[in-house]
Amino acid sequence: MLAILGLIAGVVLAIIWRPDMPIWLQPYLPIMIVAALDALVGAARAGLEHTFSDKVFAVSFISNVAIAALIVWIGDLIGVGSQLSTAVLVVLGIRIFTNAAVIRRKVLHA
Amino acid sequence: MPESAAPKPRDLGGAIAGWLRPNRKQLVWAVALCVVAAAIVIQVQSSAKDDQYAALRRDDLVQLLDGLTTETDQLTAEVAELERTRDALASGADAEAVAAQEAQKRADTLGILAGTVAAVGPGVRITISAPPGALTTDIMLEAIQELRDAGAEVIEINDSIRLVAQSWVGQTQEGLVIDDQAVSLPITIDAIGDSHALTEGAKFRGGLVSQVESDRIGGSVDIEQLDEVEITSLATPRTPRYARPA
């Protein structure tokens with residue numbers, strides 16, 4: 001219940017508040033979002049497997065996002081930013097699909 | 001991964017109750033979802049609002065700029081080439097128009113000289129009355145010669161015979177013949193040129209007027225100076241049989 005409220009609160013906050021995204025964050029936000037989605041899907045899988053830990057979830061969520069942004073930032077520094085961001089996106093996408101497949105098997109038994 | 005809750009089977013109602021009851025797990029989920037949702041909304045809004053280049057990296061922008069510069073160079077070169085072509089076409093058209101104008105002028109001049117076009121201009125109308133047979137080819141030729149000396153550019157006899165370079169004057173029993181056409185009396189000569197000079201050319205002592213009005217012929221000459229003499233009769237040009245442009 002709180003989770004749903006949090007989701008709605010996030011959307012409403014962003015719409016009402018309309019924060020201006022800082023320029024330095026612009027190239028990293030999409031990657032960070034995908035990393036966060038990966039953490040969410042992984043947490044959902046853990047919850048279905050009854051191995052969910054809020055501490056692990058919080059740490060993995062933050063570190064996932066931070067590492068994704070860090071990798072892309074370093075890539076920008078050494079001149080392979082767009083390639084590295086593609087690589088990160090591919091890896092995260094694969095992980096999301098894998099976790100989603102596990103969730104699907106657990107929920108739908110198919 | 002430490003297990004926070006032992007996996008134990010629950011009935012559906014218990015699951016829903018547990019789901020509804022706030023706890024730390026729920027709170028963590030709520031915070032995470034809130035952050036992600038806010039981030040997604042911000043990103044969507046910014047990519048919808050901002051122009052598409054705002055989120056691009058420096059490398060991409062440089063590449064984009066390079067592409068645009070190259071394209072600009074190509075287009076500029078194309079514009080320059082097209083302008084050159086346009087200028088060439090325009091000057092060509094001008095030259096053609098000038099040439100056509102010159103050719104038209106030449107054609108007009110030659111047409112007036114050859115008697116193939118009608119002509120108009122200031123001049124004189126000379127009317128010669130004389131007893132039949134009194135006027136001879138000599139007098140006629142001399143009159144034409146004097147008019148030409150006085151600067152007559154176009155000469156016409158009796159509103160029907162255009163005098164050109166090949167014109168000839170002859171005489172038969174009935175009277176004068178010019179270019180195979182009989183000349184009836186009285187004779188009118190229309191001439192385009194300076195009307196004063198033409199009048200003097202006919203009137204001088206021993207000229208046309210004094211010859212015709214002498215006792216030997218006993219005719220009369222009437223000279224009319226006109227601001228506008230219109231000559232519409234045409235001569236038929238003959239293709240030269242022997243002469244050709246050298």
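Proteins get letters first, then strands, A, B, ... in listed order; numbering begins at 1 in each.
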Return the option, out of A:P30, A:G47, A:A9, with the maximum number of heavy-atom pairs under 4.5 Å with chain B.
A:P30
Heavy-atom cut-off 4.5 Å, strictly under: side chain, backbone, both or neither for A:I62 against chain B?
neither
A:D54 versus B:K25, closest heavy-atom pair with distance:
OD2-N, 4.0 Å
Approximate separation, where rounding is to 0.5 Å, of A:L5 CG and B:L33 CG
11.0 Å
Approximate separation, where rounding is to 0.5 Å, of A:Q83 CD and B:D59 CG
8.0 Å
Is it the backbone or the side chain of A:A43 that comes under 4.5 Å from a heavy atom of chain B, or both, or neither?
both
Is the number of heavy atoms from other residues, nucleotides or ligands under 6.0 Å of B:D227 CG greater than 12?
no
Look up atom CG in A:L7 and atom SG in B:C34, then write down how far apart they are to the nearest 0.5 Å.
8.5 Å
Minimum heavy-atom distance A:L40-B:W29, with the two atoms named
O-CH2, 3.6 Å
A:A44, part contacting chain B, at a heavy-atom distance under 4.5 Å
both
Between B:V35, B:V36, B:V31, B:L27, which shows the greatest number of heavy-atom pairs under 4.5 Å with chain A?
B:V36
What part of A:V59 gets within 4.5 angstrom of chain B, counting heavy atoms only: side chain, backbone, both, or neither?
neither
Provide the closest heavy-atom pair for B:I42 versus A:A14 in the form atom of the first, atom of the second, distance.
CG1-CB, 4.1 Å
